[in-house]
Every structure is written in C-alpha cells, then in structure tokens.
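Note that ligands are numbered from 1 as they come in the structure, with each ligand's atoms numbered from 1 the same way. For the single chain, residues carry numbers from 1 onward in sequence order.
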Amino acid sequence: MPKLLRPDLIVRSIYEIDLSSLREKGIGAVIADLDNTLVPWNATEVDERMVKWLFGLREAGLELAIVSNNFPARVEEVSSRLGVIAVARAVKPRRRAFLNLAGRLGLAPCQVCVIGDQLFTDIIGGNRSGMYTVLVTPLDKREFIGTKFVRLLERVLLRTMN
Ligand SMILES: [Mg+2]
C-alpha cells in the first residue's frame, strides 16, 4: 500500500481509540470526519455515547474539530451541537482545511490526529498534512452488517417456530 494511503492506526470505531495513548504521542487535538465517522451518513442526531466520548476526549486534554466535504449548513448543525470548530466543503484530500484547523487549534500538524472512514479523502489528506491518521469502519456499513445479522437471526428463529 502506498505510504500516503496507509493509516497509522485502524480501528472499528472512534470508541476503540485509546485517548491516553494519543496524549502520550504528544497529540493535542482530534480532527474528525463527520459522515460515517462521527454520525451515520447525513444524520444530525448526536447520541449520548458521542457526547460521553467528547467529554472523555476533553478530560484527556484533547480538543475536537470537524473536517467535512459536506455542506456548511449540515456540518454546522452537528458542530454547534457539540460546541466544536469545523470546516465544511473541505475539499479533502487537499491540505488546506486540515492545516487551517491545526492553526486555529494552535497546534503543529504532528500534534493532530485525523480520524476518518475514507482512505482517499481523510487518510490521504491527514497523511499529506503530516498528521497522525486513524481509519474507522464506516458507520453505515456497520449498521448494514448488523441488520444482515438480525435478518439471519430472524430467519433461523422463524424456522424453529414453524
Ligand atoms: Mg466519511
């Protein structure tokens, strides 16, 4: 795999990231993708688990920012709810938005962790910017797999009832 496409870490979801180990790496902030990373695609509800995660993040001494290629109205709906800064229409994998956010957070690129579900936008963009990159499984895909599993279970159960 080309170096620019290679994430530093691969996990199933944001909740699996060890926040204290990020701090030990000298990281001061997380720049996260929105759709399918923080919330399911085009969803705006922020659930309790997400709020708790953000609380834990801040407790660990980390800031959060959002970088998204989606429209400003959509991005602001979530970022204002979470009380974090954001860049919409980021044109990832271009570096501009990543470096803009790092500057606003007062951090050098090497002190920033980028989390996203897409190699060609989030991971390449973060790597090109000199940041620590984490790839997560898209939320929608996880839901889809979950749904498939439930369907299978339903079929098995129905068969035993007949
Ligand atoms: Mg995404």
*Would you name the heavy atoms of G116 and D33 that are closest together and state the gap between them?*
CA-CB, 3.8 Å
_Working to the nearest 0.5 angstrom, can you tell me the gap between I14 CD1 and T137 OG1?_
12.0 Å
*asked:* No waters, cut-off 2.8 Å: how many protein N, O or S atoms are close to the Mg ion (ligand 1)?
replied: 3
*asked:* I need the minimum non-hydrogen distance between N127 and K3, along with the two atoms involved.
replied: ND2-O, 3.6 Å
*Same cluster (ILVMFWY, side-chain, under 4.5 Å), V75 and F98*: no
*asked:* According to a hydrophobic-cluster definition based on side-chain heavy atoms being under 4.5 Å apart (Ile, Leu, Val, Met, Phe, Trp, Tyr only), do V112 and L82 belong together?
replied: no
Taking only distance into account, with no hydrogens and no angle test, what donor-acceptor pairs under 3.5 Å do side-chain atoms of residues 22-31 form with protein atoms, sequence neighbours excluded?
residue, atom, partner, partner atom, Å
R23, NE, A60, O, 3.2
R23, NH1, I27, O, 2.9

